[in-house]
**Student:** 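Have a look at this one.
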Amino acid sequence: MITSLRGMNDILSEDYERFTYFINTATTVAQRYGFHFIQTPLLEETALFKRSVGESSDIVGKEMYQFIDKGKNDVCLRPEGTAGVVRAFIQKKLDRAGGIHRFFYHGAMFRYERPQKGRLREFHQFGVESFGVDSVYEDAAMIMMVSDILKELGIGYRLQINSLGDNNCMPAYRKKLVKFVQECKDGICEDCIRRVETNPIRVLDCKNEKCQELYIGAPKLIHNLCSGCSYDFDTLKKILEDNAIVYEVNTNLVRGLDYYSKTAFEFVSDNIGSQSAIAGGGRYDRLVEFLDGRPTPAVGFAMGIERLLELIVMPEIKREGYYIGAMDENAVDLVVKIAQKKRKTDRAVVDYKAKNLKNHLKAADKINAKFCCVIGEDELTSGTIWVKDLEGKTEAVLKLEEF
RNA sequence: GUGGGAUUAGCUCAGUUGGUUAGAGCACUGGUUUGUGGUGCCGGGGGUCACGGGUUCGAGCCCCGCAUCCCACCCCA
């Protein structure tokens with residue numbers, strides 16, 4: 001038997017219901033905030049991700065589905081959504097057009113990781129990207145949008161925010177931190193020694209207790225922000241408070257992708273295991289420029305759909321449409337014809353086998369039909385159809401022309 | 001990539017110190033004396049016990065390998 005690849009799932013039945021319910025809800029909310037759909041390719045040039053996500057990240061460093069195609073192009077399946085949207089934004093010359101451009105997207109992402117609960121090799125994200133707005137109000141809008149989506153879906157969460165600083169304050173802070181960590185080099189774990197080289201900020205949330213003790217006196221980014229970043233971060237907190245969004249400041253919150261600056265945030269759930277981040281995002285004002293576009297401020301987020309699926313509280317299923325069956329073999333053709341007519345406007349499910357009434361009612365009930373419609377010998381001769389409303393428990397015999 | 005656990009029917013799981021024909025519940029399917037469901041009763045189908053080796057007179061059970069899932073690390077949505 002051929003099975004699906006490791007970490008890649010089929011989505012059907014109940015999961016599919018949840019999946020589409022999520023997409024519909026998230027789409028509705030994004031549109032309320034003035035965002036428009038964008039679809040970009042699953043396959044992109046490898047260089048796009050190397051330049052945007054950053055070679056130091058695990059995503060680019062070891063998790064990409066990368067290969068050389070038949071035209072000798074170095075390509076890979078997208079590991080995240082932002083890079084492609086930014087590429088499209090620049091390619092369509094929207095950076096030159098100026099103004100504000102707001103997009104949302106959803107689709108499959110691919111990372112070659114070891115699978116576990118909430119971590120798949122093919123997974124799906126819903127995300128939004130906003131270009132051309134440098135106001136921190138837009139950052140707050142992102143957070144409020146995620147909050148709205150989660151609320152509509154009945155999902156509880158914790159929100160963590162942080163500021164990563166910008167070009168003015170981040171490099172200086174990084175230097176300061178590296179110096180601090182190198183001074184206590186002897187005591188720190190192997191992972192941290194590696195982190196100093198690749199992504200120094202990461203040492204701060206090391207889980208090693210010994211490291212944590214050593215880092216107690218480490219310089220905090222939050223105390224080293226330049227006046228602009230500091231002011232924006234304070235404003236962000238105030239906007240969230242004004243709009244009744246509960247948050248906690250996590251000074252160790254670091255985004256895994258290199259392109260983030262200033263506002264960073266993460267929505268966390270305590271009910272889905274160790275892969276607890278359900279949405280994450282932030283500002284990335286320099287990414288458009290990195291990818292050869294005109295400098296354009298931008299901010300966005302992404303949500304991991306599979307991680308949300310089991311948390312979604314689904315609305316009650318309602319009885320809907322028609323079940324149509326025959327009690328006499330001679331009525332089967334007629335029943336099919338009637339169903340075709342009904343399908344122009346409603347759901348109609350036909351049973352091709354002649355059965356007794358009781359079995360038809362059972363079957364109609366099973367598929368959650370609102371009406372159970374049956375044609376037997378009596379109806380056949382009189383040109384009628386027997387219809388029972390399974391909710392109201394009322395029944396009637398209608399002339400076929402009136403049905 | 002590292003460490004640990006699991007894998008028996010469509011699903012959730014039993015299965016004794018290795019010993020006849022591998023079980024249950026749910027689901028599916030049929031019947032329930034003449035045309036009334038979701039909730040009665042009776043029956044039926046369905047398993048290369050994940051896969052590949054080994055030990056043994058004999059393996060669902062013990063050993064080795066492998067695949068997948070789960071848990072933790074790592075990383076992240």
Side-chain angles (χ1 to χ4, degrees), chain A residues 1-9 13-14 22 53 56-63 78-82 106-127 146 157 189-192 194-195 198-199 202 205-208 253-257 260 264-269 272-282 300-309 311 317 319 323 325-328 353-372 374-379 386-391 393-395 397:
Chain A
M1 182 176 56
I2 295 172
T3 59
S4 66
L5 261 17
R6 184 175 203 190
M8 301 204 177
N9 287 155
S13 310
E14 156 82 350
F22 169 80
V53 179
S56 73
S57 70
D58 276 14
I59 295 177
V60 169
K62 44 192 184 189
E63 296 175 358
R78 62 182 184 195
E80 59 98 45
T82 300
H106 52 82
M109 308 293 161
F110 300 84
R111 293 181 198 173
Y112 197 88
E113 297 188 88
R114 179 136 167 192
Q116 70 182 72
K117 190 183 174 72
R119 189 168 73 183
L120 297 161
R121 287 183 174 179
E122 182 187 18
F123 61 102
H124 297 79
Q125 287 188 336
F126 176 94
V146 177
Y157 63 82
C189 68
E190 272 180 40
D191 285 335
C192 279
R194 194 197 70 231
R195 287 181 183 117
T198 56
N199 196 347
R202 265 273 134 77
D205 60 351
C206 179
K207 299 208 169 66
N208 187 310
L253 176 66
V254 184
R255 309 267 63 233
L257 294 67
Y260 285 108
F265 59 88
E266 198 162 294
F267 285 74
V268 177
S269 167
I272 52 171
S274 67
Q275 304 302 313
S276 58
I278 51 180
F301 72 79
M303 311 178 83
I305 300 178
E306 280 86 350
R307 289 185 186 176
L308 294 170
L309 244 39
L311 298 172
I317 25 163
R319 290 191 175 279
Y323 168 97
M327 289 177 61
D328 186 308
K353 262 160 83 181
K355 294 180 182 174
N356 65 33
L357 185 61
K358 184 165 184 161
N359 283 330
H360 277 311
L361 282 161
K362 272 191 191 175
D365 184 58
K366 195 179 297 170
I367 62 155
N368 272 307
K370 177 150 167 52
F371 297 101
C372 178
V374 171
I375 296 182
E377 246 179 286
D378 302 349
E379 290 80 9
W386 178 87
V387 180
K388 178 162 184 176
D389 179 338
L390 295 178
E391 252 167 23
K393 299 175 198 270
T394 56
E395 55 187 85
V397 175

**Student:** Below 4.0 angstrom from OP1 or OP2 of B:C76, is there any side-chain N or O of A:Lys117?
**Tutor:** no

**Student:** Let me spell it out: for each of A:Tyr112 and A:His124, pick the nucleotide of RNA chain B with the closest heavy atom. Which residue's pick is nearer the 5' end?
**Tutor:** A:Tyr112

**Student:** Please compare A:Ser274 and A:Arg114 by the position of their nearest nucleotide in RNA chain B and report the one closer to 5'.
**Tutor:** A:Arg114

**Student:** Counting only N and O atoms by type, is there a donor-acceptor contact under 3.5 Å from the side chain of A:Arg319 to the main-chain atoms of A:Ala369?
**Tutor:** yes

**Student:** Would you classify A:Gly7 as touching base, sugar-phosphate or nothing, given that sugar-phosphate means primed atoms plus P, OP1 and OP2, and contacts are heavy atoms under 4.0 Å?
**Tutor:** sugar-phosphate

**Student:** From B:G31, B:C76, B:A72, pick the nucleotide closest to the side chain of A:Ala277?
**Tutor:** B:C76

**Student:** With a 4.0 Å cut-off on heavy atoms, is A:Arg6 in touch with a base, just the backbone sugar-phosphate, or nothing at all?
**Tutor:** sugar-phosphate

**Student:** Is a side-chain donor or acceptor of A:Arg307 paired with a backbone partner of A:Ile272 at a separation under 3.5 angstrom?
**Tutor:** no

**Student:** Let me know the distance between CD of A:Glu113 and C1' of B:U2, rounded to the nearest Å.
**Tutor:** 15 Å

**Student:** Assess whether side-chain contact (heavy atoms from CB on, under 4.5 Å) is satisfied between A:Phe22 and A:Leu308, documenting all intermediate values.
**Tutor:** CA-CA 9 Å; A:Phe22 169 80; A:Leu308 294 170; 3.5 Å; yes

**Student:** Report which part of the nucleic acid A:Ile272 touches: base, sugar-phosphate, or nothing (heavy-atom distance under 4.0 Å, all strands).
**Tutor:** nothing

**Student:** Give, for atom CD of A:Glu395 and atom CG of A:Leu390, the distance between the pair rounded to the nearest 0.5 Å.
**Tutor:** 10.5 Å

**Student:** Is A:Arg78 positioned over the aromatic face of A:Phe110, cation under 6.0 angstrom from the ring centre and no more than 45 degrees off axis?
**Tutor:** no

**Student:** As a test of your reading of the structure, name each stem of RNA chain B as range with range, where a stem is three or more consecutive Watson-Crick or G-U pairs at under 3.5 Å.
**Tutor:** B:1-7 with B:67-73, B:10-13 with B:23-26, B:28-32 with B:40-44, B:51-54 with B:62-65

**Student:** Counting the atoms with a prime plus P, OP1 and OP2 as sugar-phosphate, which does A:Gly127 contact under 4.0 Å by heavy atoms, base, sugar-phosphate, or nothing?
**Tutor:** nothing

**Student:** Establish, with yes or no, whether the OP1 or OP2 oxygen of B:A72 is under 4.0 angstrom from a side-chain nitrogen or oxygen of A:Gln116.
**Tutor:** yes

**Student:** Counting the atoms with a prime plus P, OP1 and OP2 as sugar-phosphate, which does A:Ala302 contact under 4.0 Å by heavy atoms, base, sugar-phosphate, or nothing?
**Tutor:** sugar-phosphate

**Student:** Do nucleotides 34-49 of chain B as a string where each nucleotide becomes B, S or -: B if the base has a protein heavy atom under 4.0 Å, S if just the sugar-phosphate does, - if no protein is that close.
**Tutor:** -BBBB-----------

**Student:** Out of B:U29, B:C76, B:C75, which nucleotide sits closest to the side chain of A:Asp58?
**Tutor:** B:C75

**Student:** From CE of A:Met303 over to C1' of B:A77, roughly how many Å is that when rounded to an integer?
**Tutor:** 9 Å

